[in-house]
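Presented below is the structure to which this report refers.
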Number of protein chains: 2
Amino acid sequence: MTQRIRIKDIAQKAGVSPGTVDRVLHERGNVSAKARAKVKEALQSLDYSPNVLASILAYNKNWKIAALLPRDDHDQFWSQPKEGILNALKAVKDYGIIVDFFQFYENDLKDFHHQCNLILEGQYEAVIITPIFTEQSLSFLECLELNNTPFVQINTLLNTEFEHQICYIGQDSYHSGKLGAKLLAFGVEDGQKVMITHLEELVYNSQHLIDKEQGFKDFFSALPSKSIEVVTSHFANPYHQSGLRQFFKAQLEEHPEIKGIFVTTSRGFRVVKALDEIKRQDLKVVGFDLIDENVQLLIDEKIDFLINQNPYKQGYLAIINIFNFLIRKISPVSHQFLPLDVVMKENATYYSDRKIEEIPIVL
Amino acid sequence: MTQRIRIKDIAQKAGVSPGTVDRVLHERGNVSAKARAKVKEALQSLDYSPNVLASILAYNKNWKIAALLPRDDHDQFWSQPKEGILNALKAVKDYGIIVDFFQFYENDLKDFHHQCNLILEGQYEAVIITPIFTEQSLSFLECLELNNTPFVQINTLLNTEFEHQICYIGQDSYHSGKLGAKLLAFGVEDGQKVMITHLEELVYNSQHLIDKEQGFKDFFSALPSKSIEVVTSHFANPYHQSGLRQFFKAQLEEHPEIKGIFVTTSRGFRVVKALDEIKRQDLKVVGFDLIDENVQLLIDEKIDFLINQNPYKQGYLAIINIFNFLIRKISPVSHQFLPLDVVMKENATYYSDRKIEEIPIVL
DNA sequence: TAAAAATTTGTGTGCGCACACAGTATTTGG
DNA sequence: CCAAATACTGTGTGCGCACACAAATTTTTA
């Protein structure tokens with residue numbers, strides 16, 4: 001029964017009242033130099049650390065947080081950070097943390113802008129943002145800077161210096177591109193080609209896609225053993241299946257040496273579908289994200305590898321970091337790169353089943 | 001500012017005193033049927049959930065937990081679950097959780113037995129055990145059953161039914177063997193051979209090694225495209241480097257078709273060293289665990305893949321689950337299989353750097 | 001039917017901390 | 001040198017809950 005040191009114990013040791021200790025701890029001033037010295041010494045020698053439970057209970061304050069994410073009704077990927085946020089919330093709700101969601105249509109700049117304004121009006125104490133539109137996100141973050149509102153970036157990193165940025169949580173996109181290249185290279189011989197495909201509207205307004213492409217290309221240009229050419233392509237509307245089919249047909253006719261495709265978004269399953277339709281099941285496919293359709297194709301051996309971006313964990317950690325920052329006054333590591341999980345048929349279930357991840361919630 | 005519902009609110013709504021509500025919540029009896037009904041209804045309609053902070057604070061009780069692990073002064077692997085336990089502890093120490101470590105020499109049955117006895121004498125409220133010796137662990141767990149002491153198994157699973165087992169946390173060894181086989185198969189052609197090597201003294205008293213071997217063999221016997229023979233071997237003393245060299249020399253001379261080696265323990269780096277000494281750098285090597293020596297060889301491209309057993313997380317989750325079980329009265333999922341991480345040169349740093357994992361600590 | 005016993009209910013205290021306020025010591029200025 | 005201003009210090013209350021104990025009510029018994 002190691003007795004924990006309380007403020008009262010410090011006060012006794014220093015020969016002052018608990019109130020004085022409290023003043024020193026919170027730097028509220030109104031403490032004589034002599035008393036402060038005695039208290040500081042007692043704190044040191046008894047190795048005091050506050051009982052956070054009691055502290056929070058006494059604070060009796062709520063913290064409002066805004067979460068700006070794409071809507072998850074069309075794209076299963078975006079339901080995962082949301083789920084992570086909601087689960088982390090279970091862990092910290094007794095600490096007074098409240099989250100409001102602001103979700104925008106993934107291709108709708110105006111909607112994004114609108115949601116940003118709603119957040120600015122709402123007076124939040126911290127913001128979680130998925131800055132998938134580079135320019136618009138930058139101007140929003142500048143507003144937050146002016147408001148002294150701290151924020152966390154998840155999923156996509158805008159690598160600008162901000163005073164009030166708490167941290168970035170997500171993948172190292174550049175290295176995920178490199179890893180994708182390595183995985184694709186397993187099945188590709190000297191002299192053959194590989195293709196990198198972005199299925200996205202505004203590719204070059206999306207930093208993470210640019211970074212993935214760079215990593216992918218750098219891997220192949222640094223390969224000593226084989227010479228493999230990289231074909232770059234993008235297709236704006238991933239929901240237009242017949243267009244997608246035409247697109248791949250044309251690309252593959254132009255480059256018959258292509259043996260593998262790297263899909264930089266979570267739409268790998270659409271690519272496989274298009275390839276199926278044009279009877280090209282022979283190509284290696286490496287994609288991103290464990291959404292149901294992709295995992296099924298992994299099991300069916302139509303996708304070779306998926307790289308997991310840990311979207312669930314991104315949301316979870318965003319809340320935890322905000323909690324640490326706001327309440328525990330702990331400044332976290334500024335760039336938190338989540339693991340680049342290599343998912344294949346043999347280990348897929350251990351990633352897509354999230355039952356374990358929900359357990360570690362500490363109330 | 002969503003006002004949280006307190007016991008006081010329930011009492012008011014039900015027209016009774018807070019004491020009565022408390023009695024209903026904790027099923028302490030001494031409540032009339034009428035009062036109980038009113039309280040239960042109020043609890044339902046107001047959707048009460050207790051403020052755990054306040055609850056724990058008022059309990060003012062400590063929980064003693066024993067952790068039985070191999071010593072970590074010879075084997076870096078075992079320092080990781082310990083580290084996980086210590087970090088989880090930071091998260092829950094304010095809830096009154098205290099851990100004592102009992103560490104035994106990894107090859108010393110007597111020492112194991114001795115540590116078990118110390119735990120039994122110590123009156124612990126829960127136990128974390130690494131049951132690497134099957135028989136001896138079973139008899140220890142039976143003692144815990146008699147004492148009504150709940151426990152968590154980590155790392156190795158003894159798949160027996162126990163009444164007081166909280167859960168198992170660790171890898172699915174069988175499937176990790178299968179995964180290892182798949183990874184090794186990338187570099188092996190039809191008609192060639194692969195070897196599985198156990199570097200351990202008491203192989204067949206260690207359930208996880210048996211399971212890995214089975215998974216490994218099952219993969220190759222189910223392979224439709226190629227026919228690859230599996231050579232099974234074990235070497236008792238991993239610290240005897242010259243013996244190890246002799247051992248591999250003999251094995252590889254007997255089976256010159258061997259193109260890859262699967263090492264079922266964390267001693268892959270010793271295998272590579274032995275292979276280096278007999279000038280066989282051409283073999284593919286797949287091993288386990290991100291200990292420094294292994295990671296270095298991964299970066300040097302002398303080990304092709306490592307499978308991460310997440311030992312840190314095992315320790316971390318053990319504490320969290322015990323916390324949930326003892327304090328929050330939540331019975332967790334009985335078998336928590338951690339992901340089978342595929343680690344290679346390109347993503348190694350994202351696994352071996354544990355700075356992020358330490359952040360999510362709540363509290 | 002009254003007293004004793006058993007059952008049910010309400011009140012008060014403490015967990016460790018944050019913060020308000022009252023109380024005491026020190027400094028300043030006329 | 002004394003009052004007023006200022007600087008410092010101690011005490012008390014509440015956060016929501018668990019639990020002990022006192023008070024009130026009902027039931028049992030003679």
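Because only heavy atoms are used, hydrogens play no part in the values below, and waters and symmetry mates are left out as well, while side chains stay in. Each chain gets a letter, A, B and so on, in the order the sequences are listed, and its residues count up from 1. Just so we're clear, the structure is a prediction, and the values are computed from it rather than from any experiment.
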Look at [X] and [N] and indicate whether a side-chain polar atom (N or O) is within less than 4.0 Å of OP1 or OP2.
X: B:Y48; N: D:dC17; result: yes
X: B:S32; N: C:dT9; result: yes
X: B:S17; N: C:dG10; result: yes
X: A:Y95; N: D:dG16; result: no
X: B:R28; N: D:dC19; result: yes

Check your understanding: Which part of the nucleic acid, if any, lies within contact of B:D22, taking any heavy atom under 4.0 Å across all strands shown: a base, the sugar-phosphate backbone alone, or nothing?
Key -> base

Practice item. Describe the nucleic acid contact of B:N30 in one word from base, sugar-phosphate, nothing, applying a heavy-atom distance below 4.0 Å. Key: base

Practice item. Establish, yes or no, whether the cationic atom of A:K61 lies under 6.0 Å from the six-membered ring centre of A:W63 and within 45° of the ring axis. Key: yes

Which of these nucleotides, [options], is closest to any side-chain atom of [X]?
X: A:N60; options: D:dC15, D:dC17, D:dG10; result: D:dC15
X: A:A54; options: C:dT9, C:dG16, C:dA20; result: C:dG16
X: B:A35; options: D:dA18, C:dT9, D:dG14; result: C:dT9
X: A:V31; options: D:dT9, D:dG16, C:dA18; result: D:dT9

Practice item. Using heavy atoms to find the nearest nucleotide of DNA chain D for B:L57 and B:P18 separately, return the residue whose nucleotide is more 5′. Key: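 Counting from the 5' end, the first nearest nucleotide belongs to B:L57.
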
In this structure, how many angstroms lie between the [atom2] atom of [N] and the [atom1] atom of [X], rounded?
X: B:E27; N: D:dA18; atom1: CD; atom2: P; value: 13 Å
X: B:K61; N: C:dG14; atom1: NZ; atom2: C1'; value: 18 Å
X: A:I56; N: C:dC15; atom1: CD1; atom2: C1'; value: 16 Å
X: A:I7; N: D:dG12; atom1: CD1; atom2: P; value: 17 Å
X: B:D9; N: D:dC15; atom1: CG; atom2: P; value: 11 Å
X: B:R23; N: D:dA22; atom1: CZ; atom2: C1'; value: 11 Å
X: B:I327; N: C:dC15; atom1: CD1; atom2: P; value: 19 Å
X: A:L53; N: C:dC17; atom1: CG; atom2: P; value: 10 Å

Check your understanding: For the ring pair A:F102 and A:Y124, is the centre-to-centre distance below 6.0 Å?
Key -> yes

Check your understanding: Given the side-chain rings of A:F151 and A:F162, with only the six-membered ring counted for Trp, is the space between their centroids under 6.0 Å?
Key ->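 Between A:F151 and A:F162, the centre distance is under 6.0 Å.
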
Review point. Taking 4.0 angstrom as the limit, do A:E83 and A:K313 come out as a salt bridge?
Key: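 Judged by the 4.0 Å cut-off on N to carboxylate O distance, A:E83 and A:K313 do not form a salt bridge.
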
Check your understanding: Which sits closer to the 5' end of DNA chain C, B:T20 or A:P50, going by the nucleotide each is nearest to?
Key -> B:T20

Review point. Counting heavy atoms not belonging to B:Q76, are there more than 12 under 6.0 Å from its CD?
Key: yes

Check your understanding: Roughly how far, to the nearest 0.5 Å, is the CD1 atom of A:I10 from the NZ atom of A:K40?
Key ->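 If we round to the nearest 0.5 Å, A:K40:NZ and A:I10:CD1 are 13.0 Å apart.
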
